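Beneath this line is the structure, given in structure tokens, with notes to follow.
Keep in mind it's a predicted model, so treat the numbers as computed, not measured.
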Amino acid sequence: MSLPKLKLVSLEFASTWNDAQADLCVVIADEGDFSEGRVSSPALAKLDADVGLVISELASLKDFEGKWLQAAATLSPSKTLAKRVLCLGAGKKTDRSPARARQIGVRIGEEVAKMGAGKVSKVVVNGSSRLFTDVDLAAQMAVGVRMGTYKYPSLNPSDDAKKDLETPAVVTFAHASASDAFRKANILSESIDACRLLQDGPPNIVTPKYVAENMSERAKAAGLKVEVFGAQKLRQMGFNAMMAVGGGSANEPQLVVVEYVPEKYTKTIAFVGKGLTMDTGGYSLKPAASMVGMKYDMSGSAITLSSVLAIAELKLPVRVIAIGALAENMIDAHAYRVGDILKTLSGKTIEVLNTDAEGRIVLADALHYAAKTYAPDYMFEYSTLTGAMVISLGHVAAGVFPFHHDGIGALVQKASDATGEGVWLLPTFEEYGDDVKGTLADLNNIQNTAGSAGSATAAQFLKEFVDGKPFAHIDIAGVADANQAIGYPRKMSSGYGIQLSVEIARLVADEK
């Protein structure tokens, strides 16, 4: 069974408001656009006139004052440019950030999805808010619209659901500076959708082989070089650690390598992602409640393999290697056990003290392969690695552990600031590394000290397999799904990491 395609809205951009009547006009306004129950901003007054002065009416009733995410909807008088008007508040003029702009877009998308193709097929977005008039922030708003309309498609869709997919609503951003920023928004949205569909897919469908085939098809269509290593090849190559983790599953491990090589480049980046399409914990079995949502344990691979598609379409001048390390952590007679000692691709050995600390074992082989095969200038790795990260940062930011390069943490932070994809830089004290040193093997797969910093010791473990390359471990355990940060829908997958990766690639491409 394959997953259906998804596209509930089509984003378009125009420098002026089309004269043809829209089903819905969305107007974005700041608190500062109002004074004493009336519209005080000339820009908003112009939009107010276009929609029959309904904004003034809402303001006089104190139904709409531009406060953050305040919403007021009304019918528009006949012969105006829209049948319905939805006013959305952007808060104070100082509240300017990519995440806040994206959150406005999410709210628009949710409203459009709620109305459905039967009621709304043409939407125009306009506004006086600085979150709209700034072209880059407006582009983030456009990304949010696609995020807000996203809904994991039913495997047995109703006739109405099929109609919504066949006739997606057209959302037009009426922006005086319509530019490349909006083209980029569409490209990013396609990759975010691809990522989220993989994340949300049920594990009986989204197996390692399914992800490998799905992403290979997309990458080849984009003209990228793709290699997929199945179980037999991985054994021959020496991916013993990865094969041990996947040994208990009928769905064998897969390693997907997608390579983007522009005509001109000076730097090479490797993005490596953890791809556990289901994680039961193995013989260190998770409690039933903790097993719910473990299909999201492949989010790192979904991010890396989807990001390279956007990077390639944007034609960024940087070589990118995207690797998805895909496996299932299940139980049967062939499953790996507590006490096993595994020889990794690097030659280093790992003693297994907990089979539920499997992601770092899979990544040990994948990271070493990336470092040795491609000698990248930078390595960035995404993984839903530790529950400790959720305890540390909740569901609002990823933890970043930088190694072997003074500026790599700052680079990730700069990408975060530009995109509104939250990160927090965390310490990499050598003492954390001491806590994963082994007795019978080179390393233990969990820390020796009970209750110590689980995220930090896991990061130190991974650092042992990057061959000294500049490396940032990005723990997305709290943000891959159920993301609670401003700028994200609150349900299902988040698509976090696509924009961060693309911006990282852009920053590296700009380095001299």
Side-chain angles (χ1 to χ4, degrees), residues 1-12 23-24 26 69 71 73 84 86 88 99 102-123 125 140-173 185-206 210-211 214 218 277 292-296 298-299 302-303 306 309-310 395 479-499:
M1 184 185 295
S2 62
L3 293 173
K5 293 183 179 179
L6 170 74
K7 193 168 187 180
L8 292 177
V9 296
S10 174
L11 294 179
E12 295 185 358
D23 296 306
L24 175 68
V26 183
L69 287 186
R84 303 175 182 84
L86 172 65
L88 279 178
R102 191 163 60 244
Q103 186 65 39
I104 295 287
V106 168
R107 183 64 184 272
I108 296 169
E110 289 171 345
E111 291 296 323
V112 171
K114 192 187 301 179
M115 296 174 78
K119 289 185 179 180
V120 55
S121 60
K122 184 176 181 181
V123 181
V125 182
Q140 278 296 324
M141 203 175 290
V143 172
V145 169
R146 282 283 292 269
M147 292 174 71
T149 55
Y150 169 91
K151 181 181 179 182
Y152 185 77
S154 169
L155 300 179
N156 186 25
S158 65
D159 290 340
D160 286 344
K162 289 177 183 176
K163 183 180 178 182
D164 285 351
L165 288 170
E166 291 166 2
T167 56
V170 177
V171 179
T172 301
F173 277 71
N186 256 327
I187 291 169
L188 290 170
S189 295
E190 290 293 329
S191 285
I192 290 169
D193 277 354
C195 178
R196 295 180 77 187
L197 282 170
L198 288 175
Q199 289 176 291
D200 287 325
N204 61 315
I205 294 176
V206 183
Y210 174 87
V211 177
N214 179 285
R218 289 177 182 273
T277 57
V292 175
M294 281 300 105
K295 65 181 183 179
Y296 292 109
M298 50 74 69
S299 294
I303 291 166
S306 299
L309 302 178
H395 296 279
V479 293
D481 64 299
N483 194 316
Q484 295 168 4
I486 289 174
Y488 292 91
R490 295 294 188 258
K491 297 179 181 179
M492 298 188 291
S493 60
S494 67
Y496 174 100
I498 300 296
Q499 292 203 75

May I ask you to test the [X]-[Y] pair for a side-chain heavy-atom distance under 4.5 Å?
X      : Y      : answer
Val106 : Pro489 : yes
Pro153 : Leu197 : yes
Val206 : Lys295 : no
Leu198 : Met298 : yes
Leu69  : Ile104 : yes
Leu88  : Arg107 : yes

For residues [X] and [Y], report the shortest heavy-atom separation together with the two atoms involved.
X      : Y      : result
Val112 : Ala169 : CG1-CB, 4.1 Å
Pro202 : Tyr152 : CD-OH, 3.2 Å
Tyr210 : Ile205 : CB-O, 3.2 Å
Ile192 : Gly495 : CG2-CA, 4.2 Å
Val143 : Arg102 : CG1-CD, 4.2 Å
Ser121 : Asp23  : N-OD2, 2.9 Å

Atom pair [atom1] ([X]) and [atom2] ([Y]), whose distance is rounded to the nearest 0.5 Å:
X      : Y      : atom1 : atom2 : result
Gln140 : Gln103 : CD    : CD    : 12.0 Å
Ser306 : Leu188 : OG    : CG    : 12.0 Å
Leu24  : Lys122 : CG    : NZ    : 12.0 Å
Ser191 : Ile303 : OG    : CD1   : 12.0 Å
Met147 : Ser189 : CE    : OG    : 8.5 Å
Arg490 : His395 : CZ    : NE2   : 11.5 Å

Please enumerate all residues that pass side chain to side chain donor-acceptor pair (under 3.5 Å) together with Ser299, with sequence neighbours excluded.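 Partners of Ser299 by the side chain to side chain donor-acceptor pair (under 3.5 Å) criterion, ordered by chain and then number, come out as Gln199.
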
Tell me if a side-chain donor or acceptor on Ser493 pairs with a main-chain N or O of Asp200 at a distance below 3.5 Å. no

Main chain of Met492, side chain of Arg196: is a donor-acceptor contact present, judged purely on distance under 3.5 Å?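 No; zero donor-acceptor contacts below 3.5 Å.
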
Of Val26, Leu86, Val145, which is the lone residue that meets side-chain contact (heavy atoms from CB on, under 4.5 Å) with Glu111?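 For Glu111, the side-chain contact (heavy atoms from CB on, under 4.5 Å) test succeeds with only one of Val26, Leu86, Val145, which is Leu86.
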
